[in-house]
Amino acid sequence: MDTHSIYLHIPFCQQRCGYCDFNTYAGISDLIEPYVDALVKEIAACGKSARGGVGIPVHTVFLGGGTPSLLTPKQVTSLIEAVKQQFALLPGAEISMEANPGTVSQSSLAGYRQAGVNRLSIGVQSANADELRLLERQHGYVEAQEAVRLSREAGFEQISFDLIYGLPGQQISAWEHSLNAVLDLAPNHLSLYALSVERGTPLDGRVTQGLVSEPDPDVAADIYEWTIEYLAGLGWQQYEISNWAQRDENGELMVSRHNLQYWLNQPYFGFGAGAHGYISGLRTENEMFPASYIRAINEEPSRDYPQTPATINATEIDRYMEMQETMMMGLRLVQHGVSRERFLTRFGEDFTDVFSAEIKELLMKSLLEWTRGDEERLRLTKHARILGNQVFQYFV
């Protein structure tokens with residue numbers, strides 16, 4: 001049986017950030033308790049309770065949002081215990097949780113750690129006060145420093161930071177200051193994202209009105225290329241287009257094992273409002289609104305596995321589409337790329353036959369390259385990392 005992952009969506013925020021278009025909501029904290037109860041029920045809808053006592057092996061769990069750190073340790077414990085009861089959570093499983101500076105305390109972090117969370121992803125976004133104001137974040141860099149200090153005191157060894165670059169008017173010097181300030185906090189994982197102005201967000205409105213300049217893609221590209229070289233010089237390993245990791249004392253790269261599940265196009269459950277899953281050849285999508293999600297879980301009839309009462313869409317992924325997605329997602333892994341051998345084992349076909357014309361053209365354009373070590377792999381060339389979307393379109 002394949003090893004699976006579980007994503008738990010926590011859609012609550014103290015205040016929505018100006019750039020955010022995720023499925024998150026502010027001002028409905030009264031729904032948190034019934035929402036957690038509904039999540040526990042949805043977990044059971046795909047767990048042992050619905051499968052004749054058979055527990056599906058799970059090796060990663062990710063609590064994302066939104067702001068999962070608005071949940072109490074007791075609520076987080078109930079979610080992790082539900083996973084343990086309904087699935088075969090493997091020894092050494094990675095249990096990650098997103099947290100925002102300013103929403104954690106010594107006691108809450110100790111409680112999360114005791115509940116079983118062993119990896120934190122902290123949304124720092126910037127160390128510059130003016131940029132945090134632009135993004136409408138509710139914390140300063142001091143709160144980020146404090147969150148890291150408290151996390152370590154609580155026993156967290158795996159800590160990742162999220163940062164955003166390519167902001168309107170941002171210069172490389174400002175980004176360099178922000179990155180170095182975060183590196184001073186000694187994380188072992190970094191997720192660095194270029195700002196995208198999403199339609200309908202407050203930031204989009206300000207750009208449209210001329211109150212804020214549009215982000216300059218050329219500056220963002222310069223920042224990205226500078227960052228690749230700078231972090232490499234400090235010993236960081238870029239393993240995915242937007243992700244870097246350090247090695248632990250055993251020499252193992254401290255990657256996000258949960259996100260690796262997505263990039264390898266492996267199965268995962270998506271529980272919670274608006275969550276997506278990919279199970280048994282089905283792409284599932286849940287009801288978006290928290291109140292509607294709670295009502296569906298409590299009132300709608302059960303559905304055939306892997307759907308739950310909150311499922312509003314289930315799209316069958318045929319074999320060719322699965323091959324396309326395996327190529328597209330795997331090429332995000334800038335070092336490993338897509339293994340020819342593993343693709344052949346999985347599909348019984350060589351990707352050089354399935355995508356012969358596409359690969360030939362991308363090799364000719366120097367956007368893909370072969371790497372031959374223990375396995376023959378196809379990966380992005382170094383200068384193609386910033387052009388990833390152009391490459392991926394060939395396979396979609």
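The structure places OG1 of Thr227 at 6.5 Å from CG of Leu192, a figure rounded to the nearest 0.5 Å. For the atom pair OG (Ser5) and NE2 (His59), the distance works out to 3.5 Å, reported to the nearest 0.5 Å. Rounding to the nearest 0.5 angstrom, the gap separating the CD atom in Gln237 from the CD atom in Gln246 is 10.0 Å.
Between the side chains of Tyr394 and Glu361, at least one donor N or O sits under 3.5 Å from an acceptor N or O. Using a 3.5 Å distance cut-off with no hydrogens or angles, the side chains of Glu42 and Asn286 do pair a donor with an acceptor. Side-chain contact check for Gln75 and Glu33: at least one donor-acceptor pair (N or O, by modelled atom type) lies under 3.5 Å. Residues Ser339 and Glu375 have side chains that bring a donor and an acceptor to within less than 3.5 angstrom of each other. No side-chain donor-acceptor contact under 3.5 Å links Ser173 and Gln171. A donor-acceptor contact closer than 3.5 angstrom links the side chains of Arg385 and Gln238.
For Arg149, the side chain to side chain donor-acceptor pair (under 3.5 Å) test picks out Glu146, Glu153, with sequence neighbours left out. Considering only residues two or more places apart in sequence or on other chains, Thr77 meets the side chain to side chain donor-acceptor pair (under 3.5 Å) condition with none of them.
Proximity of the aromatic rings of Phe269 and Tyr278 is defined here by a centroid distance below 6.0 angstrom, and this criterion is not met. Centroid-to-centroid, the aromatic rings of Tyr112 and Phe156 stay 6.0 Å apart or farther.
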